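Quick note: numbers below take in every heavy atom, side chains included, and nothing from hydrogens, waters or symmetry partners. Source: prediction; values computed, not measured.
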Amino acid sequence: MAKSGVFRFFDLPPELRCAILTHLLVSDSTVMLHSATLFGPPLSELAGILDVFLVSAQMYQEASAVFYAENGFILNAQSHRLPGHLTGPGGFLSEEGQHARRRVRRLTVFLTRVGGEFERVLGPALSDMVLNGSLRDLSLYLGPPSWRARANRSADPDMVQRPPFQALLRLLSDPYLEKVEFLAWRVHMTVFCPFHQKKRPSTKTDHESVDDEGFAVLRAGPDWVELDWRALVEVYGTGQPIVRIGERSY
């Protein structure tokens, strides 16, 4: 009969500890930071990670480094206002959550609109994750248009000139981001139509029209349309672009 005893995890080589923690903490799918719609598993399904984090200070340092760097995360902001569990005390977008969110490397954000909350809360938090943290891979999905926008017929082409959208363009063009994607829902504002990424030759099935509410509607093809964000920045971006230290010329 084998003797029971204490297994000294930290006596293992660092490489082996990292491999074990990766097996325990890295999900096959993205980790949901807001589960109001079903894009992936909510963070609560990975509640066991807290047990690992709370073992000791050293375990937290090693385990959290693996968890935040190796997982992909989804932040769903497809509501009229950012949910309280993200912005309230201890939330991902709160002051207390700053240390954790700065360690995230891959993030996908779903938005319905780019408004004042993006300019005041979400945009600054994302920019901080790039400048002072590890965020290097950002995908941003815009749409579908909310029922409020459709009801108010607010397919506003001037939105791209307003401060919130300008803040979004500055974020997308941050030179410290290594991979950036910007996609719009198949029903979107006509201002985005000239910026569709052409990944395959156009066919008769790729038909786009404008509906009675002033939105462009892609009748066939994928639900999400990738946009050429560099061209958007070139056409609509204003102000001083973000540059790496030492790259600006005067």
Side-chain angles (χ1 to χ4, degrees), residues 33-34 75-84 86-88 91-95 97-98 101-102 104 107-133 135-177 179-185 187-196 213-216 224-245 247-248:
L33 294 169
H34 173 35
L75 193 157
N76 185 352
Q78 286 184 311
S79 56
H80 187 62
R81 293 190 179 279
L82 291 170
L86 288 178
T87 58
F92 185 76
L93 296 175
S94 70
E95 184 177 352
Q98 183 183 75
R101 67 174 178 263
R102 283 180 173 178
V104 170
L107 181 66
T108 298
V109 180
F110 286 86
L111 293 170
T112 296
R113 57 194 293 269
V114 182
E117 276 200 316
F118 181 89
E119 183 184 13
R120 295 188 306 270
V121 181
L122 184 54
L126 294 175
S127 294
D128 175 74
M129 290 170 66
V130 179
L131 181 61
N132 298 307
L135 183 60
R136 295 297 179 266
D137 185 334
L138 177 64
S139 297
L140 195 146
Y141 290 70
L142 181 59
S146 68
W147 66 268
R148 297 171 188 269
R150 301 299 296 265
N152 293 330
R153 295 181 54 86
S154 57
D156 180 11
D158 293 333
M159 179 194 75
V160 294
Q161 305 288 356
R162 303 189 194 284
F165 200 87
Q166 289 298 311
L168 172 63
L169 294 181
R170 285 193 296 274
L171 171 66
L172 295 176
S173 58
D174 191 309
Y176 288 96
L177 285 171
K179 180 181 178 183
V180 178
E181 291 182 319
F182 184 33
L183 298 94
W185 182 248
V187 180
H188 51 265
M189 294 186 301
T190 55
V191 71
F192 292 141
C193 294
F195 302 99
H196 292 185
E213 296 168 337
F215 289 91
W224 295 97
V225 181
E226 186 169 358
L227 303 177
D228 186 343
W229 62 266
R230 292 181 179 85
L232 265 170
V233 171
E234 184 176 347
V235 173
Y236 292 112
T238 61
Q240 180 66 49
I242 301 172
V243 296
R244 287 179 179 266
I245 295 175
E247 289 187 351
R248 179 174 294 172

task = List the atom of H188, the atom of V225, and the distance in Å for their closest heavy-atom pair.
result = CE1-CG2, 4.5 Å
message = With rounding to the nearest 0.5 angstrom, report the CG to CZ distance, D174 to R136.
response = 8.0 Å
note = To the nearest 0.5 Å, atom CG of L93 lies from atom CE of M129 at 8.5 Å
G116 to P164 - nearest heavy-atom pair and separation = N-CG, 4.2 Å
ask   = Which atom pair, heavy atoms only, marks the closest approach of F118 to A167?
value = CE2-C, 4.1 Å
key: Parallel, tilted or perpendicular: ring planes of F182 versus F165, cut at 30 and 60 degrees   = tilted
inquiry  = Using 0.5 Å steps for rounding, measure from the CG atom of D228 to the CZ atom of F195.
reply    = 8.0 Å
query = CZ/R101 to CG/L107 distance, rounded to the nearest 0.5 angstrom?
reply = 11.5 Å
task = Measure across A77 and L111 and return the closest heavy-atom pair with its distance rounded to 0.1 Å.
result = CB-CD2, 3.7 Å
query = At what distance, to the nearest 0.5 angstrom, does CE of M189 lie from CZ of F215?
reply = 7.5 Å
query = So how far is it from L122 CG to E117 CD, rounded to the nearest 0.5 Å?
reply = 9.0 Å
task = Could you tell me which non-hydrogen atom of Q166 sits nearest to which non-hydrogen atom of Y236, and how far apart they are?
result = NE2-O, 2.9 Å
query = Quick one: does E181's side chain have a donor or acceptor within less than 3.5 Å of a partner on L140's backbone?
reply = no
note = L135 and L177 have their tightest heavy-atom pair at O-CD2, 3.8 Å
query = Is there a side-chain contact between L126 and L75, using heavy atoms and a 4.5 Å cut-off?
reply = no
